[in-house]
Amino acid sequence: MFTKKRILQFCAAALIFLLADFWMYSTLSSNFRSYEDQRNFNEIELFAQTVPDERTEQSFATWMPTVKDIIPGSRALYLTFDEVSFDFKPESGSETNLSLFNAFRNTPNFQKAMESVYYLEPMRLASTYKADYSLDPDTNSFDEISSQVYFVPVVDETGYQVSGAVMILVPTSTATGFNNLLRTLFIVAAVFFLGIMLVLMFTRDPMTGFMVLALFGIVLVFIAYPLLEAVRLSFMKNGTFSLQTWKESLSPTYLIALWGSLRLGVLTATISTLVGYMFAFLIERTSFRQKKLMTTLATMPVISPPFSLSLSIILLFGNNGLISKQLLNLNTSIYGLGGLTIVQVIGMFPIAFMTISGVLRQIDSTVEDASLDLSATRWQTFKSITLPLSAPGILSAWLLVFTNSLADFANPLLLSGDYRVLSTEAYMLVTGRSNLGAGSALSFILLMPTLTAFLIQRNWVSKKSFVTVTGKPSTNLTELTNKPVRTVLEVGAWVFIGFIASLYLTIVAGCFVVNWGIDYSFTLANWGEALARGWTSIRDTVTLAAIATPIAGLLAMLSAMLIVRKKFPGKRLLEMLIMTPYAIPGTLIGISYVLAFNKQPLLLVGTGAIIVINYIIRELPVGLENGITALHQIDPAIEESAADLGADVPTVFRTIVLPLIRPAFLSSMSYTFVRSMTAVSAIIFLISARWNHLTVLIFNFSENLRFGLASVLSTILIVIVLSVWGLMQVVVRDDKLTQKTISAR
Amino acid sequence: MEKKSVSVTLEHVTKKFKDVKGKADVIAVNDSHFVIEPGELVTLLGPSGCGKTTTLRMIAGFELPTEGKIYIGNEEVTMLPPNKRDTATMFQSYGLFPHMTVFDNVAYGLRLRKVAQEEITKRVNETLDLVGLASYGDRAPSKLSGGQQQRVALARSLIVTPSVLLLDEPLSNLDALLREQMRVEIRKIQKELGITAVYVTHDRVEAMSLSDRVVVMKDGYVRQIGSPSEIYEDPNSRFVAGFVGKAAFFPVKVMKHDKKTWVCQLGEKEVLVERAATDVEVGSEAVLMARPESLRVVESGTGKIEGKVRMNVYLGHSLEAFINTSFGEVLVQIDDPHAKKVFKEGEDVSIDFTADRVRLLNRNDA
Ligand SMILES: Nc1ncnc2c1ncn2[C@@H]1O[C@H](COP(=O)(O)OP(=O)(O)OP(=O)(O)O)[C@@H](O)[C@H]1O
Ligand SMILES: [Mg+2]
């Protein structure tokens, strides 16, 4: 297909289009320029006519700043024509204006302008000049702003004789803004055209080509571009390259925070893995009764909203906590490493539990039987067979929890106290000091350990576990514990679950208390106030999540189909880019989005769209993985049959692929919905006055010690999330059942 | 369902697969060049991995040839995606849509073509009738036996009246009896409808009994194309001879060639042969190929090769005699054994040839 003729044709067509594109752009751009000039001259002439009659220092001082009302951001200087020296002199003005005037009064340009004005011809200096606006109280910028300089004559009473001139500096920013937009538009047009032509000329299946192209577009604009922008800005200071930001970020102040993150991560990961192993062992290797119930309860914290556990820990053990103050009257503080570890372990041990469970389930228990047959004791068997075989699972679980702990943002925000971790530190820099560059630098530092752990888990541990664990999933199970040990495990698990349950109940209780910690009398007032103040947030959050959910689901399944079933160049790259947001902390994504989308051409900050896009991008990886796994289990001949009978790619996707991977599709959607409803780390940077997020509102209430309101909103959020999750779970389970019966041959 | 039959042409088609780890490419199909005539059923026959499936998938459009062109009728289709080609494929695993009923499976192609609902109902029922599944429309494919699933797949392919029917080992999942039935059925329907068909198999009996012509492939190369009797009786290479049936090979030296007859040296004896592959030359080393049924067992000393009967296997219509010779064990098939003299096990015998029933082949061409 890459014949010489075609390539030549393509190049010729591309050249013609590019030339036409460029020609249109430059015509439009220069038209706009002259239109802009004309308008400015008109405005300035009008302005010049309003020159005060009595030409005193005082009257000029009030007159000149009014130029801003005519052309925003501009500044004026009045020059009087001096008959004696036959020259223009500044009448009065701020120091900057004068110094500027002095700076280029000797340039040839200036002389020309003065001559032109003398003959009553307005004029604009050909080149732009950089003016220091720093002393202007109206502009906060400390940078020099490049400006266009206009001169307009002012005539005396006769109307024929020049009496002075108005010199006006107009910042070029508005003009260049438009110009940039224009340029972007034409570049986008060119990229689109070339892409479409490329697909049409060089692929035999244009539909796939377009879909791949569109996916690449999305991924490049919404994943690669913001991250690169974040990298770029962390190396910039005042518009030039500088290592300043990185030097600051690597200073002891922030290294302490990095150390704090790592310490917390290790602690949380270790404890979570232990607890997770206990649960996994109880369920996979003993004849424990309530396996279903226990599994459901133990996986709940995964979908619970952020802040809720922290909130409840504060209610119970905080400075005014029910247990710490009212019952025990202690003076220890829950804020800091201890409290953080507790909430993170509760929130993240399910990850360890599920990972280890998966591995234990895969170990053929006949191996253990064999060991027991060889008259090894149960303990010996566990020590020499089960534990080593599940080692990859343990390591995997540890690394996953570690990554999650480091990326965790919500819990430290409420609970860290004086203990410092990187994720919140980056947030403080951005919101407190508007230092986005440093914020992104810190997030990148945080990225190093998380990415390392993620990659080890992905490429090494998870591969290893496939090698060591072979054999079919076992059907009959070997009891690996004796009675007392099992009892201890069971009691431990129930106590742990009981503790978690009581945390959630505390939140519910918090809804009905006047003022937690001080006045425990019953009230319903919280509900009224919370709903009044939080209603729009609830509505917005649900709306945005509901918009993102189907898009993310469809996009994930479509990408999965393309990646699994189609051949195209750059497939690995595409997959990697889609997976990227999975491995990087939400804080970094949030900051990079703010950096990339608060300017033209993609001015999205402040809109609901950026929140929706962010939801989609962040949840795409999990959906993609689900989709890929599901597709691998489907005979490609089924799709090929459909294509063979005349279905094009979208039809195959709609009528065959989507119905067949419906369970993956549905669970990806429910996952996206739940995660979007409970998002914080990235969203907190993207919310605006118009679009608030429920979790952020909960955070604000908690921070202002309005625990009643925070509890009500948390409860509402938990109820919404749980019902959607539960519903999807039921639908998917039914689906899986039918799926099994139809694919069984 | 009347439609004009079309031909399928492969023009120097080569398919290379890129190896993932950057190793050498796999050449799955190497310069295939042949024409399948309109209405013909051609089988692709060859050992596993020889490129049969790949050839079929290129005709269907699932794979793109690395080089060469493919025509269906007079239209070049090399670049066309599968959905734009007038072909229908029956996959080894059938590829039935598990989430649809049998009726919906068969109706799928018609629905894509926006055929009216009554028409669909009518034609689906007709086609199900044709394959003998008239009352199975409401079933899920998974609730059918292998043979029934196979017939659903056939119905689904036939209903869109394709110009070319492609079948990739469609019978390999069925038991022997069912396989024979379906073979006859497929052949009957194909002939009735006049569809050009390409049939992939590695079962020589299937290939022989089914096809108008057979394409024998090995390692990506087409080794021989011909009618079943041609490739059986007149193979061009040792590989084809051995692959399509039992054969004994004896090393000979070609001495002379005049008009019809080749004179060869086999051990001490001289043998006359009337058929030879095109690449056999006078003076060269060659092999003499003989089918078991074309050899004769004669009294010791009167034939061309001396030996001793090791074992006789009685099969009713014939008898297989295994004879130890200095060229190894040779199998001779004696048809209608009651009418002939049968030598006992352990007896010394001799093997003789009939000049027009043996064939000379190039020795180096394995
Ligand atoms: N998608 C692919 N990628 C790489 N190599 C392939 C691919 N498909 C086939 N091959 C290779 O091409 C060669 C021919 O394969 P093909 O499937 O055509 O064989 P076949 O004749 O159908 O064999 P079988 O009888 O086992 O089905 C084999 O060596 C195979 O490994
Ligand atoms: Mg095959």
Side-chain angles (χ1 to χ4, degrees), chain A residues 1-3 5-6 199-211 565-569 571-572 630 633-663 665 734-745, chain B residues 17-18 20 57 59-66 77-101 104-114 139-146 149 152-153 156-160 162 164-166 168 173:
Chain A
M1 55 175 75
F2 286 97
T3 54
K5 194 172 140 212
R6 274 186 185 227
V199 167
L200 285 181
M201 289 188 70
F202 294 111
T203 64
R204 70 194 186 115
D205 178 7
M207 230 34 198
T208 310
F210 288 136
M211 288 196 274
R565 296 285 198 243
K566 303 287 172 189
K567 289 182 203 158
F568 54 90
K571 190 153 100 175
R572 294 280 307 166
Q633 286 161 1
I634 292 172
D635 183 0
I638 296 176
E639 286 149 67
E640 285 174 348
S641 297
D644 205 44
L645 290 168
D648 55 12
V649 180
T651 310
V652 173
F653 179 70
R654 192 168 47 80
T655 60
I656 308 292
V657 176
L658 212 50
L660 287 182
I661 58 174
R662 219 171 81 118
F665 179 50
D734 284 354
D735 233 59
K736 271 190 185 136
L737 285 181
T738 47
Q739 202 69 29
K740 258 200 199 107
T741 48
I742 56 175
S743 60
R745 266 240 173 88
Chain B
F17 285 108
K18 286 262 173 293
V20 250
R57 289 173 62 81
I59 300 173
F62 297 120
E63 304 282 356
L64 195 65
T66 317
V77 296
T78 319
M79 296 295 290
L80 279 186
N83 54 322
K84 301 263 170 64
R85 297 187 190 199
D86 196 10
T87 59
T89 312
M90 265 184 72
F91 295 87
Q92 185 173 355
S93 55
Y94 311 144
L96 295 180
F97 309 134
H99 57 301
M100 298 181 189
T101 61
D104 290 334
N105 263 279
V106 178
Y108 188 83
L110 294 183
R111 297 218 163 104
L112 287 177
R113 286 162 180 73
K114 305 259 182 312
R139 296 248 194 132
S142 58
K143 301 262 161 63
L144 297 178
S145 73
Q149 291 182 1
V152 175
R156 191 180 61 179
S157 297
L158 288 177
I159 200 165
V160 294
V164 182
L165 185 62
L166 305 168
D168 189 358
N173 288 343

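Proteins come first, then strands; the chains are lettered A, B, ... in the order of their sequence lines, and each starts at number 1.
- A:Thr655 and B:Tyr108 share a side-chain donor-acceptor pair at under 3.5 Å.
- Among residues two or more places apart in sequence or in another chain, the side chain to side chain donor-acceptor pair (under 3.5 Å) test is passed with B:Lys114 by none.
- In this structure, the portion of B:Leu80 lying under 4.5 Å from any heavy atom of chain A is its backbone and not its side chain.
- Chosen from A:Val652, A:Asp648, A:Thr651, A:Leu645, the residue pairing most often with chain B at heavy-atom distances under 4.5 Å is A:Leu645.
- Judged by the 6.0 Å distance and 45° axis criteria, B:Arg156 is not positioned over the aromatic ring of B:Tyr94.
- Neither the backbone nor the side chain of B:Met90 comes within contact range of chain A; no heavy atoms are under 4.5 Å apart.
- Contacts between A:Thr208 and chain B at a heavy-atom distance below 4.5 Å are absent for every atom of the residue.
- Legend: residues meeting side chain to side chain donor-acceptor pair (under 3.5 Å) with B:Asn83, ordered by chain and number and at least two apart, are absent.
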